[in-house]
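Please read the structure below before turning to the comments.
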Amino acid sequence: AQSVTQLGSHVSVSEGALVLLRCNYSSSVPPYLFWYVQYPNQGLQLLLKYTTGATLVKGINGFEAEFKKSETSFHLTKPSAHMSDAAEYFCAVSYTGTASKLTFGTGTRLQVTL
Amino acid sequence: GAGVSQTPSNKVTEKGKYVELRCDPISGHTALYWYRQSLGQGPEFLIYFQGTGAADDSGLPNDRFFAVRPEGSVSTLKIQRTERGDSAVYLCASSSKGTRTDTQYFGPGTRLTVL
(Lines give C-alpha, C1' and ligand atoms only; values in the text may rest on other atoms or scores of the structure.)
Protein backbone atom coordinates (compact mmCIF):
# COMPACT_ATOMS: atom_id res chain seq x y z
CA ALA A 1 0.00 0.00 0.00
CA GLN A 2 1.15 3.50 -0.73
CA SER A 3 2.06 5.39 2.40
CA VAL A 4 3.77 8.38 3.94
CA THR A 5 6.15 8.07 6.87
CA GLN A 6 7.15 10.93 9.11
CA LEU A 7 10.07 10.04 11.33
CA GLY A 8 9.77 11.55 14.78
CA SER A 9 6.39 12.38 16.24
CA HIS A 10 7.99 15.12 18.34
CA VAL A 11 10.95 17.33 17.46
CA SER A 12 12.38 19.96 19.78
CA VAL A 13 14.79 22.67 18.64
CA SER A 14 16.17 25.85 20.16
CA GLU A 15 15.15 29.19 18.77
CA GLY A 16 17.55 30.06 15.95
CA ALA A 17 18.52 26.44 15.30
CA LEU A 18 17.96 24.47 12.10
CA VAL A 19 14.60 22.79 11.71
CA LEU A 20 14.56 19.41 9.92
CA LEU A 21 11.34 17.41 9.67
CA ARG A 22 11.56 14.13 7.80
CA CYS A 23 9.11 12.67 5.31
CA ASN A 24 9.45 9.53 3.21
CA TYR A 25 6.89 8.15 0.80
CA SER A 26 6.38 4.82 -0.88
CA SER A 27 5.43 4.90 -4.51
CA SER A 28 6.36 3.24 -7.76
CA VAL A 29 5.58 6.46 -9.62
CA PRO A 30 6.48 10.02 -8.69
CA PRO A 31 3.84 11.49 -6.45
CA TYR A 32 2.89 15.06 -5.85
CA LEU A 33 4.10 16.12 -2.40
CA PHE A 34 2.82 18.62 0.12
CA TRP A 35 3.67 19.97 3.56
CA TYR A 36 0.89 21.39 5.73
CA VAL A 37 1.10 23.09 9.13
CA GLN A 38 -1.60 22.97 11.78
CA TYR A 39 -1.68 25.52 14.58
CA PRO A 40 -3.84 24.80 17.65
CA ASN A 41 -7.56 25.15 16.93
CA GLN A 42 -6.88 26.14 13.34
CA GLY A 43 -7.21 24.41 10.00
CA LEU A 44 -4.36 22.93 8.03
CA GLN A 45 -2.42 25.52 6.05
CA LEU A 46 -0.29 24.71 3.03
CA LEU A 47 3.40 25.47 3.52
CA LEU A 48 4.65 24.29 0.13
CA LYS A 49 4.15 21.70 -2.58
CA TYR A 50 6.12 19.84 -5.21
CA THR A 51 4.44 18.96 -8.48
CA THR A 52 6.98 19.10 -11.31
CA GLY A 53 10.12 21.02 -12.19
CA ALA A 54 12.68 22.24 -9.67
CA THR A 55 13.14 19.74 -6.87
CA LEU A 56 13.94 22.38 -4.25
CA VAL A 57 10.68 24.05 -3.32
CA LYS A 58 10.39 27.22 -1.28
CA GLY A 59 7.33 27.90 0.81
CA ILE A 60 5.92 30.38 3.25
CA ASN A 61 7.51 31.46 6.53
CA GLY A 62 11.03 30.60 5.33
CA PHE A 63 10.44 26.86 4.93
CA GLU A 64 11.72 24.80 2.03
CA ALA A 65 11.76 21.15 1.03
CA GLU A 66 13.71 19.08 -1.46
CA PHE A 67 12.25 16.22 -3.47
CA LYS A 68 14.81 13.40 -3.70
CA LYS A 69 13.49 10.64 -5.93
CA SER A 70 16.42 8.29 -5.21
CA GLU A 71 15.71 8.50 -1.49
CA THR A 72 11.90 8.77 -1.83
CA SER A 73 12.10 11.70 0.55
CA PHE A 74 10.67 15.19 0.88
CA HIS A 75 12.21 16.59 4.07
CA LEU A 76 11.17 20.03 5.35
CA THR A 77 13.80 22.48 6.55
CA LYS A 78 14.11 25.99 7.90
CA PRO A 79 17.53 27.52 8.64
CA SER A 80 16.53 29.33 11.83
CA ALA A 81 13.59 28.35 14.03
CA HIS A 82 11.29 30.95 15.52
CA MET A 83 8.98 30.53 18.49
CA SER A 84 6.02 31.05 16.16
CA ASP A 85 6.99 27.89 14.23
CA ALA A 86 5.76 25.69 17.06
CA ALA A 87 2.94 23.65 15.54
CA GLU A 88 2.09 20.24 14.05
CA TYR A 89 3.46 19.55 10.58
CA PHE A 90 2.01 17.05 8.14
CA CYS A 91 3.53 15.64 4.99
CA ALA A 92 1.04 14.51 2.35
CA VAL A 93 1.05 12.95 -1.10
CA SER A 94 -1.34 12.51 -3.94
CA TYR A 95 -0.85 9.59 -6.28
CA THR A 96 -1.73 8.89 -9.88
CA GLY A 97 -5.04 7.07 -10.11
CA THR A 98 -6.32 8.29 -6.80
CA ALA A 99 -7.94 11.42 -8.14
CA SER A 100 -6.78 14.29 -6.00
CA LYS A 101 -7.22 12.94 -2.50
CA LEU A 102 -4.32 13.40 -0.11
CA THR A 103 -2.67 10.70 1.94
CA PHE A 104 -1.17 12.18 5.10
CA GLY A 105 1.59 11.12 7.42
CA THR A 106 0.97 10.92 11.15
CA GLY A 107 2.46 14.35 11.78
CA THR A 108 5.42 15.81 13.66
CA ARG A 109 4.92 18.19 16.54
CA LEU A 110 7.61 20.88 16.52
CA GLN A 111 8.54 22.47 19.83
CA VAL A 112 10.76 25.56 19.85
CA THR A 113 12.54 26.43 23.06
CA LEU A 114 14.40 29.54 24.17
CA GLY B 1 -11.90 36.49 1.16
CA ALA B 2 -13.67 34.02 3.40
CA GLY B 3 -12.09 30.63 3.91
CA VAL B 4 -13.68 27.25 4.43
CA SER B 5 -16.08 27.26 7.35
CA GLN B 6 -17.47 24.32 9.28
CA THR B 7 -20.32 24.09 11.73
CA PRO B 8 -20.65 23.24 14.49
CA SER B 9 -17.12 23.60 15.83
CA ASN B 10 -17.90 21.04 18.51
CA LYS B 11 -20.57 18.36 18.68
CA VAL B 12 -21.19 16.03 21.59
CA THR B 13 -23.67 13.24 21.06
CA GLU B 14 -24.67 9.94 22.56
CA LYS B 15 -23.95 6.56 21.08
CA GLY B 16 -26.62 5.58 18.58
CA LYS B 17 -27.66 9.11 17.69
CA TYR B 18 -27.63 10.74 14.25
CA VAL B 19 -25.41 13.75 13.51
CA GLU B 20 -24.92 16.16 10.64
CA LEU B 21 -21.76 18.18 10.05
CA ARG B 22 -21.79 21.12 7.66
CA CYS B 23 -19.09 22.53 5.40
CA ASP B 24 -19.14 25.83 3.50
CA PRO B 25 -16.34 25.82 0.91
CA ILE B 26 -14.57 28.81 -0.57
CA SER B 27 -16.89 30.48 -3.06
CA GLY B 28 -16.37 29.20 -6.59
CA HIS B 29 -14.45 26.08 -5.61
CA THR B 30 -15.80 23.08 -7.48
CA ALA B 31 -14.00 20.41 -5.48
CA LEU B 32 -14.82 19.56 -1.86
CA TYR B 33 -13.22 16.95 0.38
CA TRP B 34 -13.99 15.43 3.76
CA TYR B 35 -11.25 14.00 5.96
CA ARG B 36 -11.29 12.54 9.46
CA GLN B 37 -8.49 13.11 11.96
CA SER B 38 -8.30 10.86 14.98
CA LEU B 39 -6.18 11.76 18.01
CA GLY B 40 -2.49 11.53 17.23
CA GLN B 41 -3.05 10.71 13.57
CA GLY B 42 -2.93 12.53 10.29
CA PRO B 43 -6.14 13.29 8.41
CA GLU B 44 -7.69 10.34 6.57
CA PHE B 45 -9.62 10.81 3.36
CA LEU B 46 -13.34 10.10 3.43
CA ILE B 47 -14.99 11.47 0.28
CA TYR B 48 -14.40 13.88 -2.59
CA PHE B 49 -17.03 15.85 -4.53
CA GLN B 50 -16.60 17.40 -7.94
CA GLY B 51 -19.57 19.68 -8.27
CA THR B 52 -22.66 17.91 -6.97
CA GLY B 53 -21.42 14.37 -7.48
CA ALA B 54 -19.24 12.20 -5.29
CA ALA B 55 -16.21 11.49 -7.47
CA ASP B 56 -14.55 9.24 -4.91
CA ASP B 57 -16.17 7.89 -1.75
CA SER B 58 -13.66 5.10 -1.17
CA GLY B 59 -12.71 6.44 2.26
CA LEU B 60 -16.14 6.22 3.87
CA PRO B 61 -15.68 3.55 6.55
CA ASN B 62 -19.15 1.96 6.31
CA ASP B 63 -22.73 2.63 5.29
CA ARG B 64 -23.43 4.66 8.42
CA PHE B 65 -21.54 7.51 6.78
CA PHE B 66 -23.08 9.51 3.96
CA ALA B 67 -22.36 12.93 2.45
CA VAL B 68 -24.25 15.19 0.07
CA ARG B 69 -23.58 18.36 -1.85
CA PRO B 70 -26.91 19.01 -3.59
CA GLU B 71 -26.16 22.40 -5.16
CA GLY B 72 -22.45 22.05 -5.65
CA SER B 73 -21.56 24.35 -2.79
CA VAL B 74 -22.39 23.50 0.83
CA SER B 75 -21.85 19.89 1.87
CA THR B 76 -23.23 17.89 4.77
CA LEU B 77 -21.61 14.81 6.24
CA LYS B 78 -24.18 12.58 7.90
CA ILE B 79 -23.42 9.86 10.41
CA GLN B 80 -26.12 7.44 11.51
CA ARG B 81 -26.12 5.32 14.68
CA THR B 82 -22.95 6.95 15.94
CA GLU B 83 -20.38 4.83 17.73
CA ARG B 84 -17.68 5.84 20.21
CA GLY B 85 -15.09 5.06 17.54
CA ASP B 86 -16.52 7.84 15.38
CA SER B 87 -15.10 10.41 17.80
CA ALA B 88 -12.61 12.52 15.85
CA VAL B 89 -12.12 15.89 14.21
CA TYR B 90 -13.87 16.01 10.85
CA LEU B 91 -12.11 18.29 8.39
CA CYS B 92 -13.47 19.77 5.21
CA ALA B 93 -11.34 21.17 2.40
CA SER B 94 -12.04 22.74 -0.95
CA SER B 95 -10.00 23.43 -4.06
CA SER B 96 -10.71 25.40 -7.20
CA LYS B 97 -10.70 22.56 -9.74
CA GLY B 98 -9.93 19.34 -7.93
CA THR B 99 -6.80 18.46 -9.86
CA ARG B 100 -3.88 16.72 -8.17
CA THR B 101 -1.79 19.87 -8.15
CA ASP B 102 -4.50 22.12 -6.73
CA THR B 103 -4.05 23.43 -3.22
CA GLN B 104 -6.66 22.13 -0.83
CA TYR B 105 -7.81 24.76 1.67
CA PHE B 106 -8.93 23.34 4.98
CA GLY B 107 -11.55 24.50 7.42
CA PRO B 108 -10.98 24.49 11.20
CA GLY B 109 -12.84 21.21 11.63
CA THR B 110 -15.71 19.88 13.69
CA ARG B 111 -14.73 17.99 16.83
CA LEU B 112 -17.21 15.14 17.27
CA THR B 113 -17.40 13.38 20.61
CA VAL B 114 -19.60 10.31 20.95
CA LEU B 115 -20.33 9.39 24.56
Side-chain angles (χ1 to χ4, degrees), chain A residues 1-10 21-25 27 29-54 57 59-60 67 76 87-109, chain B residues 2-10 21 23-26 29-51 53-60 67 88-111:
Chain A
Q2 295 164 327
S3 64
V4 179
T5 302
Q6 291 185 241
L7 288 176
S9 59
H10 289 83
L21 305 182
R22 300 179 186 274
C23 174
N24 289 86
Y25 65 91
S27 175
V29 295
Y32 293 159
L33 296 152
F34 305 79
W35 274 100
Y36 280 85
V37 61
Q38 188 174 38
Y39 297 102
N41 300 317
Q42 293 187 29
L44 292 155
Q45 179 183 8
L46 182 71
L47 277 176
L48 48 80
K49 63 181 177 182
Y50 170 77
T51 55
T52 58
V57 180
I60 62 171
F67 170 57
L76 182 71
E88 185 108 28
Y89 292 80
F90 292 94
C91 181
V93 300
S94 69
Y95 293 102
T96 303
T98 60
S100 53
K101 67 184 180 187
L102 295 174
T103 299
F104 285 86
T106 53
T108 297
R109 182 165 298 280
Chain B
V4 178
S5 62
Q6 293 185 246
T7 54
S9 56
N10 280 284
L21 312 179
C23 172
D24 272 281
I26 292 172
H29 279 192
T30 63
L32 185 146
Y33 309 78
W34 284 98
Y35 294 84
R36 178 169 69 173
Q37 186 174 16
S38 300
L39 195 62
Q41 301 296 316
E44 291 180 293
F45 170 79
L46 295 176
I47 187 170
Y48 154 54
F49 286 91
Q50 184 61 260
D56 183 351
D57 65 357
S58 62
L60 294 178
V89 177
Y90 289 80
L91 299 170
C92 176
S94 70
S95 71
S96 60
K97 296 186 184 66
T99 65
R100 290 177 59 217
T101 56
D102 262 1
T103 295
Q104 294 184 24
Y105 295 88
F106 283 80
T110 294
R111 182 175 299 277

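Every chain is numbered from 1, with letters handed out A, B, ... down the list of sequences.
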By side-chain contact (heavy atoms from CB on, under 4.5 Å) - contacts of A87(A) (at least two apart): V37(A), Y39(A), Y89(A)
Heavy atoms of other groups near Y105(B) OH, more than 12 under 6.0 Å: no
Side chain, backbone, both or neither of S95(B) within contact of chain A (heavy atoms, under 4.5 Å): neither
Atom pair CG (D102(B)) and OH (Y32(A)), whose distance is rounded to the nearest 0.5 Å: 11.0 Å
Shortest non-hydrogen contact between Q41(B) and F90(A), atoms and distance: O-CE2, 3.9 Å
Most chain B-contacting option - heavy-atom pairs closer than 4.5 Å, from L46(A), T51(A), L44(A): L44(A)
Q45(A) portion near chain B, given a 4.5 angstrom heavy-atom threshold: neither
Region of Q104(B) that comes under 4.5 Å of a non-hydrogen atom in chain A: both
side-chain contact (heavy atoms from CB on, under 4.5 Å) partners for L39(B), two or more places apart: none
Largest heavy-atom contact set with chain A, pairs under 4.5 Å, which of P43(B), A93(B), P108(B), G42(B): P43(B)
Heavy-atom contact with chain B under 4.5 Å, split by part of Y50(A): neither
Interatomic distance, L102(A) atom CG to Y35(B) atom OH [nearest 0.5 angstrom]: 3.5 Å
